[in-house]
Trainee: 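Here it is, the structure in full.
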Amino acid sequence: MLEEFDLPKNIVDREVKKMTMISPTNKEVQIGQTLKDHEYIGMVRREVLDDFLRNRAAENGAQLINGLFLGMQLPQKTGESYVLTYNDYNSAEGASRTGEKKTLEVDVVIGADGANSRVAKDIGAGDYEYAIAFQERMRIPDDKMEYYKDRAEMYVGEDVSPDFYAWVFPKCDHVAVGTGTVIDKKGIQRYQQGIRDRAAPRIAGGEVLRVEAHPIPEHPRPRRVNNRAALIGDAAGYVTKCSGEGIYFAAKSGRMCAERILINSEYGTRMIDEHDLKQHIREWDAKYGATYLVLDLLQKVFYTTDAQRESFVELCEEEYVQRVTFDSYLYKTVQGNNPIGDLKLGWQTLASLWKNENKVPDEMRTLV
């Protein structure tokens, strides 16, 4: 994303080159040995990334409005405008807290307003299943922060999530400790306590700086285009299973949609229609559809029982798995074009699943 979207390195808090996978019994597997010297996973704070993108948009001519989108009136005839209603917080000083209600007429609407998208509701895009992601940003002692300077941790187990993973990710001067779930949203606080307990030896003495919770879409909405309105990013449901990543796909879908509008409108000289926007959807699905399907399958196979999670961590010891995993994550397409390696991995997966499903679980290990 840094290269593709020409982002400056100074917005990156940490360059993660080590990933520790931790099983339900606290078996630790170190992955990252297949990374090349120039490769890493960039850890950013959203407030820093978003601020940079917003300011750059303004420098390139975008009109920024600090406001709250309330809804829109759909066009009733061909060629009519959309009429957006919003509270403008940059207007009169006395109305700065409640905003001044205004309207704006536009030809095309791109709904980039997140998982709880109001644009999606207005265009009848339908609902989707979602996960709750919860995390605490925590400042930990310097000696413990040193351990996380270029390392991220992923924990799996029924105690930290019944269908996802928990994490400790490094930020500039603190770590983000969190978890997520789809099937037991009401239990999110219990799972958050679970990751705090599991990671306790490494985050002991930490001070909570900030608490965050967000809905995470589990699959694309039934309808992503209606007339001259389209959805992108979380509003469209573009978050990958297994990893739960959405930042890159939000940016990528926004760029692809905008480029299609520019091309099909002949750079603003003709009005586009629903067919033009649906062309963007077809391009998106062709490029990333397989990625979403494979990661959905992996989540179903490995995130259901603790025995399956133990197998998942065991398989991460394989160099081939590490290479395919990191390449797929870094370059956003499913990797793996070695038939022999894929066949061997398939056999190892079945053998590991059978073994762990039919044995007494190992004793719980203590993290160093």
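Predicted, not measured: the structure shown is a model, and the values here were computed from it.
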Trainee: Mind checking whether Val156 and Val182 sit in one hydrophobic cluster, side chains of I, L, V, M, F, W, Y counted as touching below 4.5 Å?
Mentor: no
Trainee: Decide if atom CD of Gln63 counts as having more than 12 heavy atoms of other residues, nucleotides or ligands within a radius under 6.0 Å.
Mentor: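 No, not enclosed.
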Trainee: Quick check against the 3.5 Å criterion: does Glu15 have a side-chain atom that pairs as donor or acceptor with the backbone of Asp150?
Mentor: no
Trainee: Heavy-atom distance under 4.5 Å between the side chains of Ser81 and Val106, does that happen here?
Mentor: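 Answer no - side chains too far apart.
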Trainee: A side-chain contact here means heavy atoms from C-beta on lying under 4.5 Å apart; do Leu35 and Tyr40 qualify?
Mentor: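 Heavy-atom side-chain distance check fails, nothing below 4.5 Å.
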Trainee: Would you name the heavy atoms of Met145 and His174 that are closest together and state the gap between them?
Mentor: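 In this case the closest contact between Met145 and His174 is CE-O, 3.3 Å.
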Trainee: Report the residues that fulfil ring-ring contact (aromatic ring centres under 6.0 Å, His included) with Tyr82, sequence neighbours left out, ordered by chain and then residue number.
Mentor: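 Here no residue qualifies.
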Trainee: Treating Arg118 as the side-chain partner and Gly71 as the backbone partner, does any N or O pair qualify as donor plus acceptor under 3.5 Å?
Mentor: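 Such a contact is absent between Arg118 side chain and Gly71 backbone.
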Trainee: If you count every heavy atom of other residues, nucleotides or ligands that lies below 6.0 Å from Asp127 atom CG, does the total exceed 12?
Mentor: no
Trainee: So, Thr20 versus Glu153: side-chain donor-acceptor pair below 3.5 Å or not?
Mentor: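 Short answer, no.
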Trainee: Given Glu28, which partner from the list Arg202, Arg198, Arg365 fulfils the salt bridge (charged side-chain N to carboxylate O under 4.0 Å, His left out) test?
Mentor: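 For Glu28, the salt bridge (charged side-chain N to carboxylate O under 4.0 Å, His left out) test succeeds with only one of Arg202, Arg198, Arg365, which is Arg202.
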Trainee: Please state whether the rings of Tyr248 and Phe5 are parallel, tilted or perpendicular, taking 30° and 60° as the class boundaries.
Mentor: perpendicular
Trainee: Output the distance between atom CG (Leu262) and atom OH (Tyr267), rounded to the nearest 0.5 Å.
Mentor: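 Spacing of CG (Leu262) from OH (Tyr267) equals 6.0 Å.
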Trainee: Of the options Glu212, Gln192, Arg210, which is the one that meets Gln135 in a side chain to side chain donor-acceptor pair (under 3.5 Å)?
Mentor: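 Of all the options given, the one that passes is Glu212.
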Trainee: Measure the shortest side-chain to side-chain distance between Phe134 and Thr181 over non-hydrogen atoms and say whether it is less than 4.5 angstrom.
Mentor: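 Phe134 does not reach Thr181 side chain to side chain.
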Trainee: Enter the distance from Leu49:CG to Leu7:CG here, rounded to the nearest 0.5 Å.
Mentor: 6.5 Å
Trainee: What pair of heavy atoms forms the shortest contact from Met271 to Gly79, and how long is it?
Mentor: CE-O, 4.1 Å
Trainee: With a 6.0 Å cut-off (strictly less than), is the heavy-atom count around NZ of Lys186, excluding the residue itself, greater than 12?
Mentor: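 No, the 6.0 Å shell around NZ holds no more than 12 heavy atoms from other groups.
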Trainee: So which atom in Glu158 and which in Thr304 form the shortest heavy-atom distance, rounded to 0.1 Å?
Mentor: OE1-O, 4.3 Å
Trainee: Please assess His219 against Tyr292 for the test side chain to side chain contact (heavy atoms under 4.5 Å, CB included), listing each intermediate value before the final yes or no.
Mentor: CA-CA 9 Å; His219 56 78; Tyr292 283 87; over 6 Å; no
Trainee: Considering only heavy atoms from C-beta outward, does the side chain of Arg270 approach that of Asn264 to under 4.5 Å?
Mentor: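 In short, these two side chains touch, coming nearer than 4.5 Å.
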Trainee: One pair to check against salt bridge (Lys or Arg N to Asp or Glu O under 4.0 Å): Glu274 and Lys278. What are the steps and the verdict?
Mentor: CA-CA 6 Å; Glu274 184 171 304; Lys278 283 187 174 179; 3.0 Å; yes
Trainee: Counting N and O atoms only, with roles assigned by atom type, does the side chain of Lys241 sit under 3.5 Å from a partner on the main chain of Lys300, one being a donor and the other an acceptor?
Mentor: no
Trainee: Report yes or no: does Asp276 contribute a side-chain atom to a donor-acceptor pair with the main-chain N or O of Asp273 at less than 3.5 Å?
Mentor: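 Yes; judged by distance alone, with no hydrogens or angles, the pair exists.
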Trainee: Would you say Ser253's side chain and Ile232's backbone share a donor-acceptor pair under 3.5 angstrom?
Mentor: no
Trainee: Can you find a side-chain donor-acceptor pair between Gln193 and Asp197 that sits under 3.5 Å?
Mentor: yes
Trainee: Between Met19 and Val160, is there a shared hydrophobic cluster once you connect ILVMFWY residues whose side-chain heavy atoms come closer than 4.5 Å?
Mentor: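 Cluster IDs for Met19 and Val160 differ.
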Trainee: Assess whether salt bridge (Lys or Arg N to Asp or Glu O under 4.0 Å) is satisfied between Asp50 and Arg46, documenting all intermediate values.
Mentor: CA-CA 6 Å; Asp50 293 356; Arg46 283 297 303 272; 3.2 Å; yes
Trainee: Sorted by first residue and then second, give each salt bridge (charged side-chain N to carboxylate O under 4.0 Å, His left out) pair with at least one member in residues 165-184; sequence neighbours left out.
Mentor: Arg139-Asp173, Asp184-Arg190
Trainee: Aromatic ring centroids of Tyr303 and Phe312 under 6.0 Å?
Mentor: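 That pair passes the under 6.0 Å test.
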Trainee: What's the spacing between Thr85 OG1 and Phe69 CZ if we round to 0.5 Å?
Mentor: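 These two atoms lie 7.5 Å from each other.
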Trainee: Can you classify the ring geometry of Trp167 versus Phe164 as parallel (below 30°), tilted (30 to 60°) or perpendicular (above 60°)?
Mentor: perpendicular
Trainee: Got a donor-acceptor contact below 3.5 angstrom from the Gln76 side chain to the Leu74 backbone?
Mentor: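 A pair under 3.5 Å: yes.
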Trainee: Please answer whether the main-chain N or O of Tyr165 pairs with a side-chain N or O of Tyr191 as donor and acceptor at a distance below 3.5 Å.
Mentor: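 Here the side-chain-to-backbone pair does not exist.
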Trainee: Please check if the side chain of Asn55 supplies one atom and the backbone of Asp51 the other of a donor-acceptor pair under 3.5 Å.
Mentor: yes
Trainee: Verify the cluster assignment for Ile22 and Val16: are they in a single hydrophobic cluster under the rule of side-chain heavy atoms below 4.5 Å apart?
Mentor: no
Trainee: Return the CD1 to OH distance between Ile216 and Tyr128, rounded to the nearest 0.5 Å.
Mentor: 9.0 Å
Trainee: Tell me which one of Glu310, Gln308, Glu314 satisfies side chain to side chain donor-acceptor pair (under 3.5 Å) with Ser352.
Mentor: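 Exactly one pass, corresponding to Glu314.
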Trainee: Specify the closest pair of heavy atoms between Arg309 and Asp163, including all atoms of both residues, with the distance to one decimal.
Mentor: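 Nearest heavy atoms, Arg309 then Asp163: NH2-N, 3.9 Å.
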Trainee: Quick one: CD on Glu218 to CD1 on Ile183, what's the gap to the nearest 0.5 Å?
Mentor: 10.5 Å
Trainee: Output, in order, the C-alpha distance, side-chain angles, deciding distance and verdict of side chain to side chain contact (heavy atoms under 4.5 Å, CB included) for Lys27 and Glu317.
Mentor: CA-CA 11 Å; Lys27 176 180 180 177; Glu317 291 183 292; 3.3 Å; yes
Trainee: Can you hop from Phe169 to Tyr155 via hydrophobic side chains spaced under 4.5 Å?
Mentor: no
Trainee: Is the NZ atom of Lys355 crowded by more than 12 outside heavy atoms at less than 6.0 Å?
Mentor: yes
Trainee: Hey, does Tyr288 have a side-chain heavy atom less than 4.5 Å from the side chain of Lys252?
Mentor: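 Yes. Closest side-chain heavy atoms under 4.5 Å.
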Trainee: Decide if atom CD of Glu363 counts as having more than 12 heavy atoms of other residues, nucleotides or ligands within a radius under 6.0 Å.
Mentor: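 No, not enclosed.
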Trainee: Are more than 12 heavy atoms, taken from residues, nucleotides or ligands other than Lys101, located less than 6.0 Å from that residue's NZ atom?
Mentor: no
Trainee: Taking the six-membered ring of Phe52, is the NZ or CZ of Arg56 close enough (under 6.0 Å from the centre) and on axis enough (within 45°)?
Mentor: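 Checked: cation-pi criterion not met.
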Trainee: Could you give the distance from NZ (Lys18) to OH (Tyr148), rounded to the nearest 0.5 Å?
Mentor: 13.0 Å
Trainee: What closest approach, in Å, do Thr103 and Val83 show between heavy atoms, and which atom pair accounts for it?
Mentor: CB-CG1, 4.0 Å
Trainee: May I ask you to decide if Asp113's main-chain N or O and Ser117's side chain share a donor-acceptor pair within less than 3.5 Å?
Mentor: no
Trainee: As a quick check of understanding, evaluate side chain to side chain contact (heavy atoms under 4.5 Å, CB included) for Thr305 and Glu357, giving each step before the final call.
Mentor: CA-CA 9 Å; Thr305 68; Glu357 289 284 2; 3.4 Å; yes
Trainee: Answer yes or no: is there a donor N or O on one side and an acceptor on the other, between the side chain of Arg137 and the main chain of Val208, under 3.5 Å?
Mentor: no
Trainee: Answer yes if Val108 and Leu231 sit in the same cluster of Ile, Leu, Val, Met, Phe, Trp and Tyr residues linked by side chain heavy atoms under 4.5 Å apart, and no otherwise.
Mentor: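 Cluster IDs for Val108 and Leu231 differ.
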Trainee: Where is the tightest heavy-atom contact between Leu277 and Asn227, given as atom of each residue plus distance?
Mentor: CD1-O, 3.6 Å
Trainee: Please indicate whether Asp142 has more than 12 foreign heavy atoms, meaning atoms of other residues, nucleotides or ligands, lying under 6.0 Å from its CG.
Mentor: no
